[in-house]
Protein chains: 2
Amino acid sequence: MALDQTQSTFGIAELAREFGITTRAIRFYEDKGLLNPARDGQRRVYGPRDHVRLRLIMRGKRLGFSLDEIREMIDLYDVDPSEVSQLKLFIDKLQLRREQLRSQQEDIAETLAELGRLESQSQDLLNEREARRTKAAV
Amino acid sequence: MALDQTQSTFGIAELAREFGITTRAIRFYEDKGLLNPARDGQRRVYGPRDHVRLRLIMRGKRLGFSLDEIREMIDLYDVDPSEVSQLKLFIDKLQLRREQLRSQQEDIAETLAELGRLESQSQDLLNEREARRTKAAV
DNA sequence: GGCGAACTTTACGTTAACGTAAACGTTAGC
DNA sequence: GCTAACGTTTACGTTAACGTAAAGTTCGCC
């Protein structure tokens, strides 16, 4: 079968190419406990789970989180909720993180609105000037 | 008049308290060209404009931007659109920045959704267990 | 006029997130 | 059997964003 939708193993260089980062960075994420690839002898072999994690890492970086924060966040995805007390703490963590994300959304919305106002003002100014130039050309 | 809505000058310690940062950080932002306070002799005096700028700086930091990026962004607020060619470039910059912010919004929306799913799953699990415990108590 | 509080400059220290280079192992292909 | 591609570990270097400490100024107040 040639068409394999979800490739199941990756080399480090392959991942690096796909995500536009260096192999150094990928090994660094492993050092920091964000990835845990299998090994084939000495070589690292990344499975689908690592692939997903790396995607989450990159998304976290785009949002401005530190690697420590990112690790905390992606660890949330595979917590084993064995004890009830742990489960409550886990839910608290989730809620905190979600609140932070929501306030970040508000910050973005404000910024977008402000830059949007600037943009339309500038656009008006530009249209006006170009109209004047067109008129002068007639 | 006692009630002065928008205070017009600030000392550095005053600003530091208000924004929850150190005076060192404020001076550092000045070094990097993000602030430009007036002087009273040797001392820095911050006006309303600096106050606004500092708010924008903090917002930029919450969004994960570097100080360089933040400087570029807040400089957008006081560009003088003298030349038409400059004006076009300016509009391009604004659009780029807005697109970046929008994709950041998407990242946040995805993350919020995923964490939300996790949260309701956990909440269900918790309810189930507490129901079982209540039942056992009856 | 001495003292404390708030401010100044100068300079070295620190942490995160990699970059870069050296020196070495292994495997497919000619 | 050699080399090119790909991988490994180890270790020192670098940049951003401040922290921290030293040494001096200025000002209001008792």
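Here is how names work: the chains are called A, B, and so on, in the same order as the sequence lines, proteins then strands, and each is numbered from 1.
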Length of the CZ-C1' vector between A/R39 and C/dT26, whole Å = 15 Å
In plain terms, say whether B/E30 and B/R39 are close enough for a salt bridge, that is, a side-chain N and a carboxylate O under 4.0 Å apart.
-> yes
From OH of B/Y46 across to C1' of C/dC7 the rounded distance in Å is 10 Å
Touch check for B/T23, heavy atoms < 4.0 angstrom, all strands: base, sugar-phosphate only, or nothing?
-> nothing
What integer distance in Å separates A/L34:CG from C/dC18:C1'?
-> 13 Å
Assert: residue with more 5' nearest nucleotide on DNA chain D, out of A/Q42 and A/R24, is A/Q42
Heavy-atom neighbours of A/E83 CD exceed 12 at 6.0 Å = no
So, is B/K61 near the phosphate of D/dC18, with a side-chain N or O under 4.0 Å from OP1 or OP2?
-> yes
5'-most contact on DNA chain C (nearest-nucleotide basis), A/F28 vs B/A13, goes to B/A13
Rounded distance (Å) that lies between atom P of D/dC6 and atom CD1 of A/I12 = 13 Å
Given D/dA17, is OP1 or OP2 found less than 4.0 Å from the side-chain N or O atoms of B/Y29?
-> no
Can B/Y77 and A/E114 be counted as having a side-chain donor-acceptor contact under 3.5 angstrom?
-> yes
Integer-rounded Å distance: C/dC18 P and A/K32 NZ = 10 Å
May I have the distance from B/F19 (atom CZ) to D/dC18 (atom C1'), rounded to whole angstrom?
-> 18 Å
Interatomic distance where CD belongs to B/E30 and P belongs to C/dC7 [whole Å] | 14 Å
Whole-Å distance, A/D31 CG to C/dG19 P, equals 14 Å
Salt bridge present between B/R71 and B/D68 (N-O < 4.0 angstrom) | yes
Has A/T22 got a side-chain N or O lying under 4.0 Å from the OP1 or OP2 atom of C/dC18?
-> no
Carboxylate-amine/guanidinium proximity below 4.0 Å for A/E130 and B/K88 = yes
Residue A/L67, side-chain heavy atoms: nucleotide from D/dC18, C/dT8, C/dC18 that is nearest | C/dC18
Presence of donor-acceptor pair under 3.5 Å, side chain of A/R27 and base of D/dT8 = no
Nearest to the side chain of A/S66, which nucleotide is it out of C/dA17, C/dC18, C/dC7?
-> C/dA17
